[in-house]
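As structure tokens, the structure follows; a few thoughts come after it.
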Amino acid sequence: MLLLIKYTLLYGIVLMLVALGGMFSEHSGIINIALEGIMVIGGVAGVLTLTMLPAEMPVFLVVLISVLVAALAGMVYSLLLAFASINLKADQTIGGTALNLLATAIAVVIAKYFSESGSAKLNYANKPFLFSIGGLELSIFVPLGIILLIISYVVLYKTRFGLRLRACGEHPQAADSVGINVYKMRYAGVVISGALGAIGGMAYIVPPVQTWNFEVGVAGAGFLAMAVMIFGQWKPFNIFGAAMFFAVFKSLANIADSTFLAQLHWSSNIYNMMPFVASMIILAFTSKNSMAPKAEGIPYDKGSR
């Protein structure tokens, strides 16, 4: 049970962080298909920072600096999507897909450049990111994720910025008519999405292992996070619940051999497939009741009414 809780929280927080990022972007009116790529960029930036920081540096600073660098890298990378979608009015789905492909290529080149073996694998120490509570070993990203969840709710529903952001995703012409700069708000939504997605990418890579091969990217976690966002109806606490639901299935792949499920003699690949199968089934039944922002994916034209 402790193992199930550990892996569920670990993977659930990753999905939640990335899904929250997608939520901010889509509430502004931009569909962020590039979440997968943003996770990869955040992961490689965070891992490289860990390998370069001096060993004698305090643990708190190691964690803080590496997370901030990952978030900054994700914000910069997400600007590519924002520029293409907002300024150039390009197709957001195609642009996001291109950024996903580009991110893995960039990560592999960077990893090979800094790797001692010349491969796409990077070695790093993950101990600063782990702590124990009553025999349960958790990642530092768990409390960080909870804090960001609360902040996301407050920003989205209790601030003027959040109201304006949601207005730009629902009816940008109406928002523009009362003096809201739709372009700036959409840039803000995408940049916030980049920061949260990149932190989620680092959380996916760093705590579980000490070596990561960037040729595999993040194994579809970004797309699963999008399913979590849709299942959570673009609402922060609903997204948290959806993330934990999907994380249970993923966790079974790690602990199946230690439970009664071992008697079924199923391959771990079957359990790894379960989150994606569950997402397709759930979305098939819930898509009709989707409460997506009405203007998401539609390039804003200031001259149209």
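Not measured: the values here are computed from a predicted model.
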Which residues share a ring-ring contact (aromatic ring centres under 6.0 Å, His included) with F83, sequence neighbours left out | none
Please list, chain by chain and in numerical order, all residues satisfying side chain to side chain donor-acceptor pair (under 3.5 Å) with T8, sequence neighbours excluded.
-> S251
Examine the side chains of Y183 and N87 and answer whether a donor and an acceptor come within less than 3.5 Å of each other.
-> no
Which pair of heavy atoms, one from G12 and one from A243, lies closest together, and at what distance?
-> O-CB, 3.4 Å
Report the distance from atom CD of Q233 to atom CE of M23, rounding to the nearest 0.5 Å.
-> 13.0 Å
Side-chain contact test, heavy atoms from C-beta onward, threshold under 4.5 Å: evaluate it for M226 versus E26 and give yes or no.
-> yes
Report yes if the side chains of V14 and L10 come closer than 4.5 Å at any heavy-atom pair, otherwise no.
-> no
Is it true that M244 and F246 fall in one hydrophobic cluster, defined by side-chain heavy atoms closer than 4.5 Å?
-> yes
Are the side chains of F24 and V191 in touch, meaning some heavy atoms are under 4.5 Å apart?
-> no
Could you tell me which residues satisfy ring-ring contact (aromatic ring centres under 6.0 Å, His included) with F161, sequence neighbours excluded, listed by chain and number?
-> none
With side chains defined as the heavy atoms from C-beta onward, is the minimum distance between M52 and T49 less than 4.5 Å?
-> no
Who passes ring-ring contact (aromatic ring centres under 6.0 Å, His included) against Y187, sequence neighbours left out?
-> none
Say you draw a straight line from CG of N213 to CG of L122; how long is it, rounded to the nearest 0.5 Å?
-> 9.5 Å
Just how far is it from atom CG of L165 to atom CD of E170, taken to the nearest 0.5 Å?
-> 10.5 Å
Would I298 end up clustered with M185 when hydrophobic side chains under 4.5 Å apart are linked, directly or stepwise?
-> no
Is it possible for you to say whether L48 and M57 belong to one hydrophobic cluster, with membership spreading through side-chain heavy-atom contacts below 4.5 Å?
-> yes
NZ/K112 to NZ/K121 distance, rounded to the nearest 0.5 angstrom?
-> 12.0 Å
Any R166 side-chain heavy atom under 4.5 Å of P293 side chain = no
Flag the pair F214 / T104 as yes when at least one side-chain heavy-atom distance between them is below 4.5 Å, and no otherwise.
-> no
Given the rule that I, L, V, M, F, W and Y join up when any side-chain heavy atoms are under 4.5 Å apart, are F131 and Y7 in one cluster?
-> yes
Of the non-hydrogen atoms in I41 and A103, which two are nearest, and what is the gap between them?
-> CG1-CB, 3.9 Å
Side-chain donor-acceptor pairs under 3.5 Å in residues 29-40, sequence neighbours left out?
from : atom 1 : to   : atom 2 : distance (Å)
N32  : OD1    : A34  : N      : 3.0
N32  : ND2    : S193 : OG     : 2.7
E36  : OE1    : A221 : N      : 3.4
E36  : OE1    : G222 : N      : 2.7
E36  : OE1    : F223 : N      : 3.4
E36  : OE2    : G220 : N      : 2.8

Using a cut-off of 6.0 Å, state whether more than 12 heavy atoms not belonging to K89 lie near its atom NZ.
-> yes
Nearest heavy-atom contact between A198 and A70 is CB-O, 3.1 Å
So, for W234 and H27, which heavy atoms are closest and what is the spacing to 0.1 Å?
-> O-NE2, 2.9 Å
Check: V190 and L79 side chains under 4.5 Å, non-hydrogen atoms | no
Does any non-hydrogen side-chain atom of L196 lie less than 4.5 Å from one of V18?
-> no
Could you tabulate the donor-acceptor pairs under 3.5 Å formed by side-chain atoms of residues 141-156, not counting sequence neighbours?
from : atom 1 : to   : atom 2 : distance (Å)
S152 : OG     : L148 : O      : 2.7

Under 6.0 Å between ring centres, would you say that holds for W212 and Y204?
-> yes
From L9 atom CG to L4 atom CG, the distance as rounded to the nearest 0.5 Å = 9.0 Å
Co-membership, hydrophobic cluster, residues L68 and V44, 4.5 Å side-chain = yes
So, for M16 and F240, which heavy atoms are closest and what is the spacing to 0.1 Å?
-> SD-CD1, 3.4 Å
Rounded to the nearest 0.5 Å, what's the gap from CD1 on I199 to CE on M202? Could you check?
-> 9.5 Å
Between R186 and the options S85, S25, P172, the side chain to side chain contact (heavy atoms under 4.5 Å, CB included) test singles out P172
Let me see the working for C168 and I180 under side-chain contact (heavy atoms from CB on, under 4.5 Å), right down to the final yes or no.
-> CA-CA 8 Å; C168 292; I180 298 173; 3.9 Å; yes
